[in-house]
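The block underneath contains the structure these notes are about, expressed in structure tokens.
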Amino acid sequence: MKLFSAVLMGVGIGFAGAAWAAGGATDVPASVAEGAAKKEFACGAKGQKACPMQGWMKTVMQSATTSGDGAKIASALEYVAAKPPPGMPKWAAISKEGAEKAKKGDIDGAKASCKACHDLYKADYKANLRDAAF
Ligand code: HEC
């Protein structure tokens, strides 16, 4: 009987060890492992300073757009195109397409790129990348 329980214990330890090794080997990003907890930023909320890209969008991008000046809008969109965040493969293409339209004086066409990118990436950016330099 003594021997039997010792074997059982050995199996128990062996199993726990295997489970630990399997857990350690999986490559789960910390944000997911922590149970989809919402990331907190020291910017962007009421009473806080604007986040880098948020501030840039509100000043540079917004004023270029309200000016209706195709060259200004194009250069702002080219700036955005040059800064694609990781994991957002269409970012640059959307911005460049908008810039090309702005250069040709197609302001409405250029504005379509604002919506295209906002629809596709804004929520994700705000949830995960807001504090990145821009
Ligand atoms: C390739 C992507 C992309 C393009 C193109 C783009 N934006 Fe944005 N924009 C964003 C992201 C991402 C945010 C969110 C930034 C944040 O809040 O941290 C944002 C935020 C904004 C905001 C701030 C909203 C708020 O209240 O905080 C304004 C205003 C804005 N964009 C205007 C524009 C305009 C106008 C255009 C087109 C002329 C444009 N954007 C094109 C990605 C883009």
Side-chain angles (χ1 to χ4, degrees):
M1 208 51 197
K2 241 184 185 167
L3 181 68
F4 182 58
S5 56
V7 167
L8 263 187
M9 255 185 73
V11 169
I13 290 165
F15 181 73
W20 178 81
T26 52
D27 192 17
V28 179
S31 56
V32 176
E34 278 157 20
K38 236 184 131 198
K39 209 170 156 180
E40 296 281 345
F41 298 108
C43 61
K46 224 178 176 179
Q48 290 178 321
K49 64 182 188 320
C51 295
M53 186 181 191
Q54 180 190 28
W56 185 90
M57 280 281 171
K58 278 186 172 170
T59 53
V60 183
M61 190 61 107
Q62 195 60 61
S63 66
T65 310
T66 45
S67 77
D69 181 337
K72 270 189 197 164
I73 299 169
S75 83
L77 282 168
E78 276 166 358
Y79 182 82
V80 175
K83 292 177 167 286
M88 300 187 178
K90 291 186 180 158
W91 182 283
I94 291 170
S95 311
K96 279 183 197 154
E97 203 187 320
E100 289 311 312
K101 289 189 172 153
K103 278 182 196 164
K104 289 177 191 151
D106 178 3
I107 308 301
D108 285 343
K111 281 184 188 166
S113 74
C114 320
K115 185 173 166 14
C117 183
H118 291 168
D119 286 356
L120 198 57
Y121 294 133
K122 196 163 130 184
D124 190 13
Y125 191 95
K126 286 176 89 162
N128 297 301
L129 297 167
R130 286 203 100 171
D131 53 354
F134 194 77

Q: Give the C-alpha distance, both sets of side-chain angles, the deciding distance and a yes or no for side-chain contact (heavy atoms from CB on, under 4.5 Å) between Phe41 and Gln48.
A: CA-CA 10 Å; Phe41 298 108; Gln48 290 178 321; 5.8 Å; no
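- A donor-acceptor pair is defined here as one N or O able to donate and one able to accept, closer than 3.5 Å; no such pair exists between the side chain of Lys101 and the backbone of Asp106.
- Heavy-atom minimum distance, Ala81 versus Ala92: O-CB, 3.6 Å.
- Contact detail for Ala116 and Ile94: the closest heavy-atom pair is CB-CG2, 4.0 Å.
- Taking CD of Glu100 as the reference point, atom OG of Ser95 lies at 11.5 Å (rounded to 0.5 Å).
- Listed by chain and number, the residues in a salt bridge (charged side-chain N to carboxylate O under 4.0 Å, His left out) with Lys96 amount to none (sequence neighbours excluded).
- Of all heavy-atom pairs spanning Trp91 and Phe134, the tightest one is CZ2-CE1, 4.4 Å.
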**Q.** Pair Leu77-Met61, side-chain contact (heavy atoms from CB on, under 4.5 Å): steps then yes or no
**A.** CA-CA 8 Å; Leu77 282 168; Met61 190 61 107; 3.5 Å; yes
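- Minimum heavy-atom separation, Cys51 to Gly44: SG-N, 3.5 Å.
- For the disulfide bond (SG atoms under 2.5 Å apart) test, no residue two or more places apart in sequence or in another chain qualifies with Cys114.
- Looking at Glu78 and Lys103, a side-chain N of the basic residue comes within less than 4.0 Å of a carboxylate O on the acidic one, giving a salt bridge.
- Here CG of Asp69 is found 10.5 Å from OG of Ser63. Values are rounded to the nearest 0.5 Å.
- The minimum heavy-atom distance between Ala110 and Gly98, with the atom names listed, is CB-O, 3.5 Å.
- When all heavy atoms of Pro52 and Cys43 are compared, the pair lying nearest together is CD-SG, 4.4 Å.
- With Arg130 as the fixed residue, the side-chain contact (heavy atoms from CB on, under 4.5 Å) test singles out one of Glu40, Gln54, Met53: Gln54.
- Separation of atoms CE (Met88) and CG (Asp124) is listed at 4.0 Å; rounding is to 0.5 Å.
- Counting only heavy atoms from C-beta outward, the side chains of Met57 and Val80 approach each other to under 4.5 Å.
- The neighbour count for Lys83 NZ, taken as heavy atoms of other residues, nucleotides or ligands under 6.0 Å away, is above 12.
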